[in-house]
There are 2 protein chains.
Amino acid sequence: MANDPFKALAHPIRRGVIERLAQGPATVREATSAFDVSKPTLSKHLRVLEEAGLITRVIDGREHRLALAVEPLREAGTWIDEQRGRWEGLFDAVESYLENRA
Amino acid sequence: MANDPFKALAHPIRRGVIERLAQGPATVREATSAFDVSKPTLSKHLRVLEEAGLITRVIDGREHRLALAVEPLREAGTWIDEQRGRWEGLFDAVESYLENRA
DNA sequence: TAGAATGTTAGCCAAATGGCTAATGATCCG
DNA sequence: CGGATCATTAGCCATTTGGCTAACATTCTA
C-alpha cells in the first residue's frame, strides 16, 4: 500500500483529476466529467490515485466524495526540488565536464 | 518529441539515474552502475529520459556523457507546487464538504 | 593489431496498462 | 414500487513497458 505517487501522476487523466481536486473536493462525476472516456476507465484511474495515497474517498449515499491528499504530493514535489537544487549548486563543474574532461 | 516528463519519472531506476545526475554529470556507466539490470535495459531507460528532455547526452569517444536538463524537471515541480498551493488555499471548505455537504 | 571497454540495436517475451461493454450494487425520488 | 442516478466489478482485448540474450559498432590501449 501507498503505491508510487510518480507512477500515479504518469497519466494525463489522473493529473487532470488532481488539478480538478486542487480546486476543491468533488464527487466522482464532478471530478471526471471533463474526460471523454468510459466510467469504468475513470473508476480505474481513481483507484490508482487512491492506492498511491494521492486522493481520499468518503462514501456518502450513492456519491463518493473525493479530496486531494497533499502529503504524497508534497513528497513528490520535494524530491524534484532536491534534485534540481543539487544540480543548480554545481553549475561550474557542468560545462567543463561536458565539453572537455581533464 | 519532448515526451511526458512525469511518465519518465514513473520508474524507480529512472528516478535513480536522475538522482545520480543531480550530483553531477556522468557517463552511462557511472550513472547506472548502481542498478542490477542488463545494459540494454538501462539503455532503454536512458532513452526514455532523453526523449522526455530530462537528460542530455554528449558522445565523447566511446563514452556518452549524460547531464541533467533542469527545465522539464522545473516544470514538473511547478505543476505539483501549483496544485498543492491551490489546495492549501481552501482548507476551510474541505472538511465541511467531506463531513456534511449543505 | 588484437583484445578489452563502452554503449547501442534487434528481437523476443511476460506482465502491466488503459481502454471498452455488460452487468451489478446502492441510493434517491416521483 | 419503479425508474433514474452514481459508481463499481467482471471480463475482454490491444498496446506498452520492462526485462532478457545475442550481436554489433566504436574506441581505447597494451
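So that the names make sense, note that chain A is the first sequence line, chain B the second, and so on, each numbered from 1.
In summary, A/Arg15 and B/Asp4 engage in a salt bridge, as defined by a charged side-chain N under 4.0 Å from a carboxylate O. Checked for salt-bridge contact, B/Glu88 and A/Arg74 meet the test: a charged N lies under 4.0 Å from a carboxylate O.
Between A/His11 and the phosphate of C/dG19, there is a side-chain N or O to OP1/OP2 separation shorter than 4.0 Å. Applying the 4.0 Å criterion to OP1 and OP2 of D/dC6, one finds that A/His64 has every side-chain N and O outside that range. Distances shown here put a side-chain N or O of A/Thr41 below 4.0 Å from the OP1 or OP2 atom of C/dC20. OP1 or OP2 of C/dC20 has at least one side-chain nitrogen or oxygen of A/Ser38 nearer than 4.0 Å. Put simply, B/Arg14 has a side-chain N or O that comes within less than 4.0 Å of OP1 or OP2 on D/dG18. At least one side-chain nitrogen or oxygen of A/His45 sits closer than 4.0 Å to the OP1 or OP2 atom of C/dG19. Contact annotation: B/Lys39 does not reach the phosphate of C/dT9 (side-chain N/O to OP1 or OP2, under 4.0 Å). In terms of phosphate contacts, A/Arg29 brings a side-chain nitrogen or oxygen within less than 4.0 Å of OP1 or OP2 of D/dC6.
Straight-line distance from the CD atom of A/Glu63 to the C1' atom of C/dC29: 14 Å, rounded to whole Å. One can place CD of B/Glu51 at 10 Å from P of D/dT17, the figure rounded to the nearest angstrom. We find that CG of B/Leu42 is positioned 11 Å from P of C/dG7, with the value rounded to whole Å. Atom CZ of B/Arg15 is separated from atom P of D/dG18 by 11 Å (rounded to the nearest Å). As rounded to whole Å, 11 Å separates atom P of D/dG19 from atom CZ of B/Phe35. In this structure, A/Leu49 places its CG atom 11 Å from P of C/dG18, rounding to the nearest Å. Taking atom CZ on A/Arg47 and atom P on C/dT17, their separation rounds to 12 Å, with Å as the unit. A straight line from CD1 of B/Ile13 to C1' of D/dT17 spans 12 Å, rounded to a whole angstrom.
Within 3.5 Å, a donor on the side chain of B/Arg62 pairs with an acceptor on the base of C/dA5, or the reverse.
Listed by chain and residue number, nothing satisfies the side-chain hydrogen bond (donor to acceptor under 3.5 Å, both in side chains) test with B/Gln23 (two or more places apart in sequence, or in another chain).
Nearer to the 5' terminus of DNA chain D, by closest-nucleotide assignment, is the contact made by A/Ser43 (compared with the other of B/Gly61 and A/Ser43).
Each of D/dA7, C/dT8, C/dG11 was ranked by its minimum atom distance to the side chain of B/Lys44; first place goes to C/dG11. The side chain of A/Pro40 lies closest to C/dA22 when the candidates are C/dG19, D/dA7, C/dA22.
Under the 4.5 Å side-chain criterion, counting only non-hydrogen atoms from C-beta, B/Arg57 is not in contact with B/Arg65.
Of all the heavy atoms in A/Leu68 and B/Gln83, the pair that sits closest is CD2-O, 4.3 Å.
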